[in-house]
Chemist: 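Shown below is the structure under consideration.
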Amino acid sequence: MGHTKPQALVNEQYRTIRTNINFSLPGDDTKTILFTSAAKEEGKSTTSCNMAIVFAEAGKRVLLVDADMRRPTLHHSFQLSNKIGLSNLLLKKGRLQDCVKRSGVVGLDLLLCGQIPPNPAELLSSPALDDLLEEMKARYDLIIIDSPPLLAVTDSKILANKCDATVLVVNTGKTEKDSVKKARDALVTSKAFILGVVMNNYELTKENYYYHNYNS
């Protein structure tokens with residue numbers, strides 16, 4: 001039996017997370033899933049991108065949204081211009097179908113951050129986001145949203161309250177337990193439905209590899 005390539009192992013991890021998310025969803029009407037973390041550089045953006053890809057590979061019509069209007073990264077990941085996107089739509093400057101971009105992956109569309117606004121939290125709190133989420137749900141099977149870290153700004157708390165489910169991404173080699181608890185408490189306070197935790201940089205043995213990359 002040959003050696004499995006590292007990238008193949010990573011891809012299999014994301015597919016396993018996809019399976020666990022599917023089993024954990026409370027109902028077919030759960031369409032908006034927020035990915036966030038306690039602090040920066042925990043891998044939430046990489047995780048949300050890869051989860052959007054594996055859901056699209058499974059036949060879903062997926063929209064990946066960059067809702068980090070402070071340090072957006074999605075346009076870098078897909079090498080696209082960030083001139084128009086979520087901020088434009090929340091300011092009622094444009095239509096969803098005109099702001100969405102193709103990702104190059106079948107079934108996966110992108111909504112970039114757009115121009116960075118001076119008041120991200122106020123925009124996310126506005127009724128415009130509620131209307132936009134409903135329009136997204138009508139057009140796509142699944143909307144995956146990448147948001148700022150929970151403990152840095154209030155944006156993710158607002159988004160977690162408005163999304164159907166939230167996944168917390170934790171860098172096990174870096175994140176302090178106290179930060180994870182504070183992030184969980186922030187989600188509870190926001191009345192978020194916490195779907196589970198994705199653990200990055202977790203040391204796994206060959207025997208338990210598949211069972212620890214997603215904890216609900």
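All values below were derived from every heavy atom in this structure, side-chain atoms included, with hydrogens, water molecules and symmetry-related copies excluded. Numbers for residues simply follow the sequence, beginning at 1.
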Chemist: Less than 4.5 Å apart, any side-chain heavy atom of K40 and any of R71?
Modeler: yes

Chemist: Taking the side chain from R18 and the backbone from V54, do they hold a donor-acceptor pair closer than 3.5 Å?
Modeler: yes

Chemist: Enter the distance from C163:SG to L133:CG here, rounded to the nearest 0.5 Å.
Modeler: 6.0 Å

Chemist: Over all heavy atoms of both residues, which pair between A52 and L108 is shortest? Give the atoms and the distance, please.
Modeler: CB-CD1, 3.8 Å

Chemist: Within the structure provided, determine whether L89 and L111 are in side-chain contact (heavy-atom separation under 4.5 Å).
Modeler: yes

Chemist: Does a side-chain heavy-atom distance below 4.5 Å link I144 with V65?
Modeler: no

Chemist: So, D155 and R70, do they make that salt bridge, N to O below 4.0 Å?
Modeler: yes

Chemist: Do the side chain of T46 and the main chain of G43 share a donor and acceptor less than 3.5 angstrom apart?
Modeler: no

Chemist: Below 4.5 Å, heavy atoms only, C-beta onward: do V167 and V197 meet side chain to side chain?
Modeler: no

Chemist: Give the minimum heavy-atom separation between V105 and A56, together with the two atoms involved.
Modeler: CG1-CB, 4.3 Å

Chemist: Do the side chains of I84 and L112 get nearer than 4.5 Å, heavy atoms only?
Modeler: no

Chemist: Please say yes or no: joined through hydrophobic side-chain contacts below 4.5 Å, possibly via intermediate residues, are I21 and L64 part of one cluster?
Modeler: yes

Chemist: Quick check: do D146 and T36 have side-chain heavy atoms less than 4.5 Å from each other?
Modeler: no

Chemist: Kindly say whether G114 contributes a backbone atom to a donor-acceptor pair with the side chain of N82 at under 3.5 angstrom?
Modeler: yes

Chemist: With heavy-atom distances below 4.5 Å as the criterion, would you say the side chains of D68 and S45 are in contact?
Modeler: no

Chemist: Distance-only, no hydrogens or angles: does the D66 side chain make a donor-acceptor pair with backbone N or O of L74 under 3.5 Å?
Modeler: yes

Chemist: Go through it in stages, so that I can follow the logic: the residues are S190 and N161, the test is side-chain hydrogen bond (donor to acceptor under 3.5 Å, both in side chains), and I'd like the CA-CA distance, side-chain angles, deciding distance and then a yes or no.
Modeler: CA-CA 5 Å; S190 301; N161 176 262; over 6 Å; no

Chemist: Got a salt bridge between D178 and K182, using NZ or NE/NH1/NH2 to carboxylate O under 4.0 Å?
Modeler: yes

Chemist: For residues R102 and L80, report the shortest heavy-atom separation together with the two atoms involved.
Modeler: O-CD1, 4.2 Å

Chemist: Does any non-hydrogen side-chain atom of L63 lie less than 4.5 Å from one of L110?
Modeler: no

Chemist: Strictly distance-based, threshold 3.5 Å: is any side-chain N or O of S37 a donor or acceptor partner for the main-chain N or O of L150?
Modeler: no

Chemist: Of all the heavy-atom pairs spanning G85 and C99, show the shortest one and how long it is.
Modeler: O-SG, 4.2 Å

Chemist: Shortest non-hydrogen contact from Y140 to K31?
Modeler: O-NZ, 3.2 Å

Chemist: What I want to check is whether the side chains of D164 and T32 have a donor and an acceptor closer together than 3.5 Å.
Modeler: yes

Chemist: Under the 3.5 angstrom rule, does the side chain of E42 hit a backbone N or O of A39 as a donor-acceptor pair?
Modeler: yes

Chemist: Tell me whether Q97 at atom CD has more than 12 heavy atoms from other residues, nucleotides or ligands lying less than 6.0 Å away.
Modeler: yes

Chemist: Is D130 paired with K162 through a side-chain N to carboxylate O contact shorter than 4.0 Å?
Modeler: yes

Chemist: Does atom NZ of K137 have more than 12 heavy-atom neighbours from other groups under 6.0 Å away?
Modeler: yes

Chemist: So that I can tick it off, tell me whether K93 and D98 are bridged by a salt bridge, with the cut-off set at under 4.0 angstrom between side-chain N and carboxylate O.
Modeler: no

Chemist: Show the nearest heavy-atom pair for residues K44 and F35, with the distance to one decimal.
Modeler: CD-O, 4.3 Å

